[in-house]
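Here is the naming used below: chain letters follow the sequence lines, and residue numbers restart at 1 for every chain.
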Amino acid sequence: MESPLKIHNTLTGKSEVFTPINHPYVGLYLCGPTVYGYPHLGHSRGPVIFDVIIRYLIHLGYKVRFVRNITDVGHLLNDADDGEDKIAKKAKLEKLEPMEIAQHFTEAYHEEINKLNVIKPSIEPRASGHIIEQIEMISKIIELGYAYVANGSVYFDVIKYAQKYNYGELSGRVIEDLIAGAGQARRELEGQYEKKNPNDFALWKKASEEHIMQWNSPWSMGFPGWHIECSAMSAKYLGKTFDIHGGGMDLLFPHHESEIAQSTVCHNINPANYWIHHNMVTLNGQKMAKSLNNGILLSELFSGNHHLLEKAYSPITLKFFILQAHYRSTLDFSNDALKASEKGLQRLFNSLELLNKLKISEKSDFDITELKNKIYDALNDDFNTPIAISYIFEAVNIINKINDGYATIDKEELSKLKNLMNTMIFDVLGLKNEQLTNTKQYIDPLIKILLELRNEAKKNKDYKKSDEIRDKLLKAGFEIKDGKDETTYSIIKE
RNA sequence: GGUCCUGUGGCCGAGGGGUUAGGCAAGGCUCUGCAAAAGCUUCUACAGCGGUUCAAAUCCGCUCGGGACCUCCA
């Protein structure tokens, strides 16, 4: 039978058999967006990868509670001198309420991400709605002696923590290296002088006068530090320790490392058993950066409205493209790569349509169970979607062969094949056919009429007429395929 | 400066001591009135230099290139 599900755990650096704390329930926390800008290509990878992870867990029979937060407070501007909240900074520029900005970008995030046909979080908590929980947690850390108050701000004492616990267990860093590397690249941030040690991180920041987003606390009017929100919210909704914590590799340090430290102090346990980190995306081999002017927003990708894009790419094309690479590798975007995925996806869905029309024979040339096992083995091996997809294309080949009469399949295997394809493509990978299914029912009879006219012309050897019909249909986005018995068509994009 | 990842054929990307990844592109053939689609088939690989081994794209070392993180980026 199939292998057990193994997950590459960043915490141990190894692939481990997945065993939930409380079978069949699985608690999963994914670090969500900081809502101070429109979602870009990089924002899509986490939701897509974790969508398949969640879908697969559900498919395996687990009951998943999926928590993905919205960070709408607390991010300091790293390129500004004043240490303002990122959201507040935008707010002043545009003279809007900070929450108005947060709301705007939260909605933009939802709008674009939902196009990817991803399962929505069971709970989507906002940092601003959990100030009390964060204050409570900070108080406890102070009480236990691992944080100190300085000028109204509260900092986590990393050195003290490292004496008893292992600060760096997740990212593989050693505290001495952190101290050694501190001088060179250390950025001048506000409040640095308040810290006992440069590696200490803020749990609570006192707000300056003009800082708009602020809350009362035992220490000052201010706002919570970056890492504490996830610790507080994950504990609230998933418990002190839960199964899976995910995010981008860029969050590994310091964000997740600090989450572990905070939770370890408060609850005396690492918050998550399995830490999953997906890799970053690059664009034409280069990293996406504002300075390179190559950042592409999701809305730009979907509309094709960007100077680096030759055309628009659909959300499902993006999803499929992301899944054709393993989540722990960097992924390079380019027009050629996206077009390749688009073509492949189209071939996949074409075969899926044929699947429902295949003729049943007495004997079968294929063993679908073997194929099925290979796909499950791939997914069980740390969610290896590219391998799984390569076997799905093997199935595409099988379907086309049968359709063309080069091979046969019996009733039982065909039923297995249908089941397998539908399960994998729709339930697990969460793909969907973006061809205009709603309008197709109206268009279909019209196209059929044209095809009849064309076949009549062909019968009369009026090829000029028949080709004219074909060419015009192609121009209108309908590709004609002359089969042995009947003529079919598919709707092509662009 | 520190820690770590990575370099695969025209493009993207799996794999990871001996056995076809896959998608896209290109060439040939079959089918076709011609195309398209589909099938069959061919060609371009494991950055460079050493080492370990019966055997290295895979392990080790060095060199060169790309990237991530090192206090607020998904």
Name the atoms and distances for all side-chain donor-acceptor pairs under 3.5 Å in residues 466-480 of chain A, with sequence neighbours left out.
| from | atom 1 | to | atom 2 | distance (Å) |
| --- | --- | --- | --- | --- |
| Ser466(A) | OG | Tyr463(A) | O | 3.1 |
| Glu468(A) | OE2 | Lys472(A) | NZ | 2.9 |

Nearest-Å distance once atom [atom1] is located in both [N] and [M]:
N: U8(B); M: U20(B); atom1: C1'; answer: 16 Å
N: C43(B); M: C29(B); atom1: C1'; answer: 15 Å
N: A14(B); M: G23(B); atom1: C1'; answer: 11 Å
N: G17(B); M: A57(B); atom1: P; answer: 13 Å
N: U19(B); M: A36(B); atom1: C1'; answer: 37 Å
N: C5(B); M: G9(B); atom1: C1'; answer: 23 Å
N: C12(B); M: G50(B); atom1: P; answer: 28 Å
N: U58(B); M: A45(B); atom1: C1'; answer: 14 Å

Check this for me: does any side-chain nitrogen of one of Glu112(A) and Lys115(A) sit under 4.0 Å from a carboxylate oxygen of the other? yes

Would you say a side-chain N or O of [X] is under 4.0 Å from OP1 or OP2 of [N]?
X: Thr34(A); N: C72(B); value: no
X: Lys343(A); N: A25(B); value: yes
X: Arg347(A); N: C24(B); value: yes

Contact class for [X] vs. all strands (heavy atom < 4.0 Å): base, sugar-phosphate, or nothing?
X: Met249(A); answer: nothing
X: Leu252(A); answer: nothing
X: Lys458(A); answer: base
X: Gly46(A); answer: nothing

Side chain of [X], base of [N]: donor and acceptor closer than 3.5 Å?
X: Asp482(A); N: A35(B); value: yes
X: Arg173(A); N: C69(B); value: yes
X: Arg470(A); N: A36(B); value: no

How long is the span from the [atom1] atom in [X] to the [atom2] atom in [Y], to the nearest 0.5 Å?
X: Thr385(A); Y: Ile375(A); atom1: OG1; atom2: CD1; answer: 12.0 Å
X: Phe201(A); Y: Tyr155(A); atom1: CZ; atom2: OH; answer: 12.0 Å
X: Tyr391(A); Y: Asn397(A); atom1: OH; atom2: CG; answer: 14.0 Å

Round to a whole Å and report the spacing from [atom1] of [X] to [atom2] of [N].
X: Asn284(A); N: G67(B); atom1: CG; atom2: P; answer: 13 Å
X: Met213(A); N: C72(B); atom1: CE; atom2: P; answer: 19 Å
X: Tyr489(A); N: A37(B); atom1: OH; atom2: P; answer: 18 Å
X: Asn455(A); N: A36(B); atom1: CG; atom2: P; answer: 18 Å
X: His43(A); N: A74(B); atom1: NE2; atom2: P; answer: 4 Å
X: Tyr406(A); N: C31(B); atom1: OH; atom2: P; answer: 8 Å
X: Lys374(A); N: G22(B); atom1: NZ; atom2: P; answer: 11 Å
X: Ile322(A); N: A74(B); atom1: CD1; atom2: C1'; answer: 11 Å

Answer yes or no on whether Lys311(A) is positioned over the face of Tyr313(A), meaning its NZ or CZ is under 6.0 Å from the six-membered ring centre and within 45° of the axis. yes

Can you check whether His256(A) and His277(A) have ring centres sitting under 6.0 Å from each other? yes

Give a yes or no on whether the ring-centroid distance for Tyr38(A) and Phe105(A) is below 6.0 angstrom. yes

Under a cut-off of 3.5 Å for both distances of each Watson-Crick or G-U pair, what dot-bracket string does RNA chain B give, using [ ] for crossing pairs and | for inter-strand pairs? (((((((..(((.....[...))).(((((.......)))))....(((((..]....))))))))))))....

How would you summarise protein contacts on nucleotides 7-19 of chain B per nucleotide, using B for base, S for sugar-phosphate only and - for none, with heavy-atom distances below 4.0 Å? ----SSSSS----

Are there more than 12 heavy atoms of other residues, nucleotides or ligands under 6.0 Å from atom NZ of Lys465(A)? no

Asn335(A) side-chain N/O to Glu310(A) backbone N/O, donor-acceptor pair under 3.5 Å: yes

Evaluate Phe321(A) against Phe333(A) for ring-ring contact (aromatic ring centres under 6.0 Å, His included), listing each step before the verdict. CA-CA 9 Å; Phe321(A) 174 69; Phe333(A) 279 83; 5.0 Å; yes

Full working for ring-ring contact (aromatic ring centres under 6.0 Å, His included) between Tyr161(A) and Phe156(A): CA-CA 8 Å; Tyr161(A) 176 82; Phe156(A) 189 92; 5.6 Å; yes

Is Tyr463(A) stacked on the base of G33(B), meaning ring centres closer than 5.5 Å and planes within 30 degrees of each other? yes

Mind checking side chain to side chain donor-acceptor pair (under 3.5 Å) for Arg68(A) and listing every partner two or more places apart, or none if nothing turns up? Glu124(A)

For Arg328(A), check side chain to side chain donor-acceptor pair (under 3.5 Å) against everything at least two apart and list the hits. Asp382(A)

Of residues 394-402 of chain A, the positions that come close to RNA chain B - non-hydrogen atoms, cut-off under 4.0 Å: Asn397(A), Asn400(A), Lys401(A)

Tell me which of Leu41(A) and Pro254(A) sits closer to the 5' end of RNA chain B, going by the nucleotide each one is nearest to. Pro254(A)

